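Throughout, a chain's letter reflects where its sequence line sits, starting with A, and its residues are numbered from 1. The shown structure was predicted, so the numbers you read here are calculated from the model rather than taken from an experiment.
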There are 2 protein chains.
Amino acid sequence: MSIPLPLLISSAATHQALSADEAVELAAAFKALGDPVRLRLLSLIAAHEGGEACVCDLTGAFALSQPTISHHLKVLRDAGLVRSERRATWVYYRVRPEAIALLATVLVPGDAPLRSTCPPDGSDLPA
Amino acid sequence: MSIPLPLLISSAATHQALSADEAVELAAAFKALGDPVRLRLLSLIAAHEGGEACVCDLTGAFALSQPTISHHLKVLRDAGLVRSERRATWVYYRVRPEAIALLATVLVPGDAPLRSTCPPDGSDLPA
DNA sequence: GGTCAACATAGACGTGTGTCGATTCCGCTG
DNA sequence: CAGCGGAATCGACACACGTCTATGTTGACC
């Protein structure tokens, strides 16, 4: 009975318009995605074997300097989209799926997905 | 057999890392979402009755000048996230659900959603 | 036709962002 | 300990972005 129309970009909990605070927080994450290099970095990390990649795996994929890649990784990490972990000489980056899933949920409210309609089973986001 | 891990930020069609061209296109859309005012605008439009709102409905929700709101609406329109239509004196804005859904699909590849696992029924994105 | 309201465009200004080269930090290994 | 390679930080610079005021454009109404 709720959800009168293809209601998008809503607060995941209430399915209402975003509050100013929610918007600020979410916009920071989307802003981090708003650069082609960072999108590809995220993609490369996710697609790399084991779901993680060290910086040396990533720098080669771009015609950019190592500090620039490092800067973009920092932006992604500050936005909460990736985690980093030092192991010996190398630093490994890994995607934080909860953060990505939250963004997707905001775009398409969970129990009214656009692409396929599942019977509501009450499952919620992991963590 | 495919999808070794929580594979995110992938090309919707191939489930592989994004190409440079895909990344440029998608980043432009995410960048448009990377501002709190634009996120709230999108949210307000989607939540408004009939799924559309005129500019006069939106300007009152912000402590910003009318030209600034107009500017943000133009950014959203240029990114393909909303449509605008003039009716008499007023211009009505409406969300383009396909565009939003595409972004969500990139974040969480369609047939391996994070939040609920549906039986694959082969349905694809509308339009 | 004149006037008014809704909305868009133009120009200006301060701040933020992406990139670089140079340097520094950290941990391994002779 | 010295040296080396991987990665982060620093400082600088050009450009993009968000906001404003002022002005233009469009359609309705007297």
Practice problem: Assign a letter to each nucleotide of nucleotides 19-24 of chain C from its 5' end: B, base within under 4.0 Å of a protein heavy atom; S, sugar-phosphate only; -, no contact. | Solution: BBBB--
Practice problem: Using a 4.0 Å cut-off on protein heavy atoms (strictly under), produce a 5'-to-3' string for nucleotides 25-30 of chain D with B for base contact, S for backbone-only sugar-phosphate contact, and - for none. | Solution: -BSS--
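With sequence neighbours left out, S84(B) forms a side-chain hydrogen bond (donor to acceptor under 3.5 Å, both in side chains) with R77(B). Residues satisfying the side chain to side chain contact (heavy atoms under 4.5 Å, CB included) criterion with E85(B), sequence neighbours excluded, are R83(B), R87(B). Take E25(A) and apply the side chain to side chain contact (heavy atoms under 4.5 Å, CB included) test, not counting sequence neighbours, and it matches no residue. S65(B) meets the side chain to side chain contact (heavy atoms under 4.5 Å, CB included) test with P67(B), T68(B); sequence neighbours excluded. Qualifying side chain to side chain contact (heavy atoms under 4.5 Å, CB included) partners for A99(A), counting only residues two or more places apart in sequence or in other chains: L81(A), R96(A). Scored by the side-chain hydrogen bond (donor to acceptor under 3.5 Å, both in side chains) test, H72(A) finds R38(A) as partners (sequence neighbours excluded). For T89(B), there are no side-chain hydrogen bond (donor to acceptor under 3.5 Å, both in side chains) partners, not counting sequence neighbours.
A sub-4.0 Å separation between OP1 or OP2 of dG6(D) and a side-chain N or O of Y93(A) is absent.
Among residues at least two apart or in separate chains, salt bridge (Lys or Arg N to Asp or Glu O under 4.0 Å) pairs with a member in residues 53-76 of chain B are K74(B)-D78(B).
Counting side-chain heavy-atom gaps under 4.5 Å among Ile, Leu, Val, Met, Phe, Trp and Tyr, the cluster of Y92(B) also holds W90(B).
Here the P atom of nucleotide dG18(C) and the CZ atom of R40(A) are 16 Å apart, to the nearest Å.
Over its length, the helix from dG1(C)-dC30(D) to dG30(C)-dC1(D) turns its helix axis by 10°, as judged from the five terminal pairs at each end, rounded to 10°.
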